K.L.:
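Have a look at this one before I ask anything.
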There are 2 protein chains.
Amino acid sequence: MDRDDADSTTPDRPRISDATLRQFTGYTMKRAFNVVQADVNAVLEEFGLRMVTYSALAIVGDNPGLSQSQLAQALAIERPNLVVIVDELEGRDLVSRDRVPTDRRTYALQLTSEGARLLARATEAVRRHEARITEGLNAEEEAILVSALKKIEATDIRRS
Amino acid sequence: MDRDDADSTTPDRPRISDATLRQFTGYTMKRAFNVVQADVNAVLEEFGLRMVTYSALAIVGDNPGLSQSQLAQALAIERPNLVVIVDELEGRDLVSRDRVPTDRRTYALQLTSEGARLLARATEAVRRHEARITEGLNAEEEAILVSALKKIEATDIRRS
DNA sequence: TATTGTTATACTCTATAACTATA
DNA sequence: TATAGTTATAGAGTATAACAATA
């Protein structure tokens with residue numbers, strides 16, 4: 001991809017403006033998150049993980065014994081889609097599905113020792129990715145960024 | 001429900017923790033953006049638009065006469081995928097594809113008057129959505145939020 | 001030889017209905 | 001009757017290769 005410069009071979013449109021979209025914080029959130037997502041996916045690929053499989057490991061690690069329905073809700077994905085994710089993690093011996101005697105419909109999910117080890121290594125790599133992404137921010141800026149994002153996340157969306 | 005609860009409204013499942021993921025600003029960015037995206041998509045649906053078709057209208061409006069390749073680059077999508085988007089917008093008479101005499105390979109994209117009208121109405125609705133989303137933030141918080149996001153967006157990602 | 005727009009295609013992600021086995 | 005997990009499937013979204021027309 002060649003960059004546009006002030007060369008006469010470029011007809012009349014050297015730079016594309018996104019002024020209308022730039023007035024919106026949500027647009028800037030999307031552009032910033034695209035950069036974060038590309039970098040974190042590259043980091044996780046070294047562990048054979050994607051954002052969703054890493055997140056699943058982290059949630060199972062924080063909540064040993066939870067059910068697939070609970071994990072699906074925590075990841076905000078539909079139950080049918082979670083099945084293949086847990087299949088993959090179980091097939092790689094990172095997560096175990098244990099039957100629950102008190103309710104034989106549900107599985108209790110747990111990290112295997114290998115899953116715990118991979119999660120720990122991946123979490124360290126994601127920490128380094130985070131440091132890279134936020135290196136231009138001082139502590140106060142990052143604190144306000146996080147608190148502002150949490151307020152947006154907590155917005156009570158009302159439909160008209 | 002057959003278990004005796006201290007609170008009758010409290011479900012019998014414990015709260016799921018996302019403590020490991022919450023240490024990451026990128027995770028909070030994703031959670032916040034999910035809320036923004038759901039709301040803006042609901043807003044745009046009333047105009048028969050999605051985020052990508054609204055963005056395309058906005059970019060064409062800001063850059064009349066640009067080519068499909070330039071629009072694809074501005075939207076960060078591949079050229080083949082843009083074709084169906086422009087097909088849709090052209091089929092609804094929101095955008096016109098005009099032949100360029102100086103380079104007959106390219107199309108000059110422009111809003112039709114109906115496209116300009118729809119863009120203006122949708123932009124007003126998105127402004128109201130933005131006000132809803134950021135209503136918990138004061139001016140300083142929002143300014144720091146935007147500047148922090150722009151710094152993240154500008155992060156120079158280096159691959160090892 | 002390179003570029004614009006296009007077709008075809010494939011792979012991922014996501015969403016819904018319906019099934020089974022349990023409760 | 002309801003719930004957990006599952007299967008099948010369909011719709012988006014996204015990516016690459018290759019082609020015709022044009023430069």
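Keep in mind it's a predicted model, so treat the numbers as computed, not measured. Computed from heavy atoms alone, side chains included, the values below leave out hydrogens, waters and symmetry copies. Every chain is numbered from 1 and lettered A, B, ... according to where its sequence line falls, protein lines coming before strand lines.
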K.L.:
Rounded to the Å, how far apart are Gln70(A) CD and dG5(D) C1'?
P.N.:
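Gln70(A) atom CD is separated from dG5(D) atom C1' by 14 Å.
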K.L.:
Is the terminal nitrogen or CZ of Arg99(B) (NZ for Lys, CZ for Arg) located under 6.0 angstrom from the six-membered ring centre of Tyr107(B) and within 45° of that ring's axis?
P.N.:
yes
K.L.:
Would you call Gln68(B) and Arg79(B) a side-chain contact if the rule is heavy atoms closer than 4.5 Å?
P.N.:
no
K.L.:
Rounded to whole Å, please give me the gap between CE in Met51(A) and C1' in dT14(C).
P.N.:
14 Å
K.L.:
Just the rounded figure in Å: distance from P of dT12(C) to CD of Gln37(A).
P.N.:
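About 16 Å, once rounded to whole Å.
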K.L.:
Would you call Glu135(B)-Lys151(A) a salt bridge at under 4.0 Å N-O?
P.N.:
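No salt bridge links Glu135(B) with Lys151(A).
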K.L.:
What orientation do Phe33(B) and Phe33(A) show, parallel under 30°, tilted 30 to 60°, or perpendicular over 60°?
P.N.:
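It falls in the parallel class, under 30°.
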K.L.:
Is it true that Arg22(A) and Glu130(B) have a side-chain N and a carboxylate O under 4.0 angstrom from each other?
P.N.:
no
K.L.:
Between Ser69(B) and dG5(C), is there a contact of a side-chain N or O with OP1 or OP2 at under 4.0 Å?
P.N.:
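So the side chain of Ser69(B) is within the cut-off, an N or O lying under 4.0 Å from OP1 or OP2 of dG5(C).
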K.L.:
Would you mind reading off the distance between Gln68(A) atom CD and dT3(D) atom P, rounded to a whole angstrom?
P.N.:
17 Å
K.L.:
Do the side chains of Arg97(A) and Asp87(A) get close enough for a salt bridge, i.e. N-O under 4.0 angstrom?
P.N.:
yes
K.L.:
How would nucleotides 8-17 of chain D be written as a contact map, 5' to 3', with B for base contact, S for sugar-phosphate-only contact and - for no contact, using protein heavy atoms under 4.0 Å?
P.N.:
B----SBBBB
K.L.:
Would a 4.5 Å heavy-atom cut-off, applied to side chains only, mark Arg132(A) and Thr155(B) as touching?
P.N.:
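Answer no - side chains too far apart.
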K.L.:
With a non-hydrogen cut-off below 4.0 angstrom, is Arg99(B) in contact with a base, only sugar-phosphate, or nothing?
P.N.:
nothing
K.L.:
Expressed as a whole number of angstroms, how long is the span from Glu45(A):CD to dT12(C):P?
P.N.:
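To the nearest whole Å, that distance equals 12 Å.
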K.L.:
What is the distance, to the nearest angstrom, from the CG atom on Leu82(B) to the P atom on dT6(C)?
P.N.:
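Value for this atom pair: 9 Å.
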K.L.:
Let's see if you get this right: which residues in residues 101-108 of chain A place a heavy atom under 4.0 Å from DNA chain D?
P.N.:
Arg105(A), Thr106(A), Tyr107(A)
K.L.:
Looking at side-chain heavy atoms only, is the closest gap between Ile144(A) and Leu145(B) below 4.5 Å?
P.N.:
no
K.L.:
Find out whether Thr20(B) and Tyr27(B) are in side-chain contact, i.e. whether some heavy atom of one side chain is under 4.5 Å from a heavy atom of the other.
P.N.:
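No, too far: nothing below the 4.5 Å cut-off.
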K.L.:
Work out how much the helix from dT1(C)-dA23(D) to dA23(C)-dT1(D) bends between its end axes, five pairs an end, to the nearest 10 degrees.
P.N.:
10°
K.L.:
Compare all side-chain heavy atoms of Gln37(B) with those of Asn41(B) and state whether any distance is below 4.5 angstrom.
P.N.:
yes
K.L.:
Can the positive tip of Arg121(A) be found less than 6.0 Å from the middle of the six-membered ring of Phe47(A), inside 45° of the ring normal?
P.N.:
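No, Arg121(A) and Phe47(A) do not form such a contact.
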